[in-house]
Amino acid sequence: RQRADLVRAQQQLREALQMAEELGASDIAMDARLALAECARVEGDHDRALRLYEAQVRWAERQRAFEGEVLGRLGLALLE
């Protein structure tokens with residue numbers, strides 16, 4: 001049951017990320033991206049987590065979003 005819940009949550013996060021990006025809701029996109037990265041990390045999929053955390057850092061740098069960059073870099077540090 002927990003695995004099914006995680007899969008469902010990840011699908012909902014991907015949908016939220018896509019919608020947020022389409023609508024320009026950057027804070028929601030950031031939250032969804034970080035949550036997806038954390039799910040991947042917890043599952044042991046470090047390659048996917050790495051890609052998502054790196055995407056978060058790149059996005060935050062472009063947006064000059066200090067908090068988003070810090071959160072992305074903290075996630076990257078967890079992978080080391």
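The figures here come from the full heavy-atom set of this structure, side chains too, leaving out hydrogens, waters and symmetry mates.
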Quick check on L76: does its CG atom have over 12 non-hydrogen neighbours (other residues, nucleotides or ligands) under 6.0 Å away? yes
For the residue pair A20 and A29, what are the closest heavy atoms and their distance? CB-N, 3.6 Å
State the CG-CD1 distance between L13 and I28, to the nearest 0.5 angstrom. 12.0 Å
Compare every heavy atom of A40 with every heavy atom of A49, then report the nearest pair and how far apart it is. N-CB, 3.7 Å
Please determine whether the number of non-hydrogen atoms from other residues, nucleotides or ligands lying under 6.0 Å from atom CD of Q11 exceeds 12. yes
Side chain to side chain contact (heavy atoms under 4.5 Å, CB included) assessment of L6 paired with R3: CA-CA 5 Å; L6 182 60; R3 176 73 182 140; 3.8 Å; yes
Can you check salt bridge (Lys or Arg N to Asp or Glu O under 4.0 Å) on R41 and E38, steps first, answer last? CA-CA 5 Å; R41 187 185 70 78; E38 182 62 11; 2.6 Å; yes
Determine whether L36 and V57 fall in the same hydrophobic cluster, where Ile, Leu, Val, Met, Phe, Trp and Tyr are linked whenever their side-chain heavy atoms lie under 4.5 Å apart. no
Find the distance between CE (M19) and CD (E22) and round it off to the nearest 0.5 Å. 8.0 Å
Are L34 and W59 grouped together when hydrophobic residues (ILVMFWY) are joined by side-chain heavy atoms under 4.5 angstrom apart? yes
Q10-E43 side chain donor-acceptor pair, cut-off 3.5 Å: yes
Rounded to the nearest 0.5 Å, how far does CG of D47 lie from CG of L79? 9.5 Å
Rounding to 0.5 Å, atoms CG (L71) and OH (Y53) come to a distance of 9.5 Å
Quick one: do L17 and M30 end up in the same hydrophobic cluster if we chain Ile, Leu, Val, Met, Phe, Trp and Tyr together by side-chain heavy atoms under 4.5 Å apart? no
Do the side chains of R73 and E54 get close enough for a salt bridge, i.e. N-O under 4.0 angstrom? no
Are any of the side-chain nitrogens in R64 or E69 under 4.0 Å away from the carboxylate oxygens of its partner? no
Single-linkage hydrophobic cluster, 4.5 Å side-chain cutoff, V7 and V42 together: no
Could you tell me whether R33 and E21 have a side-chain N and a carboxylate O separated by less than 4.0 Å? yes
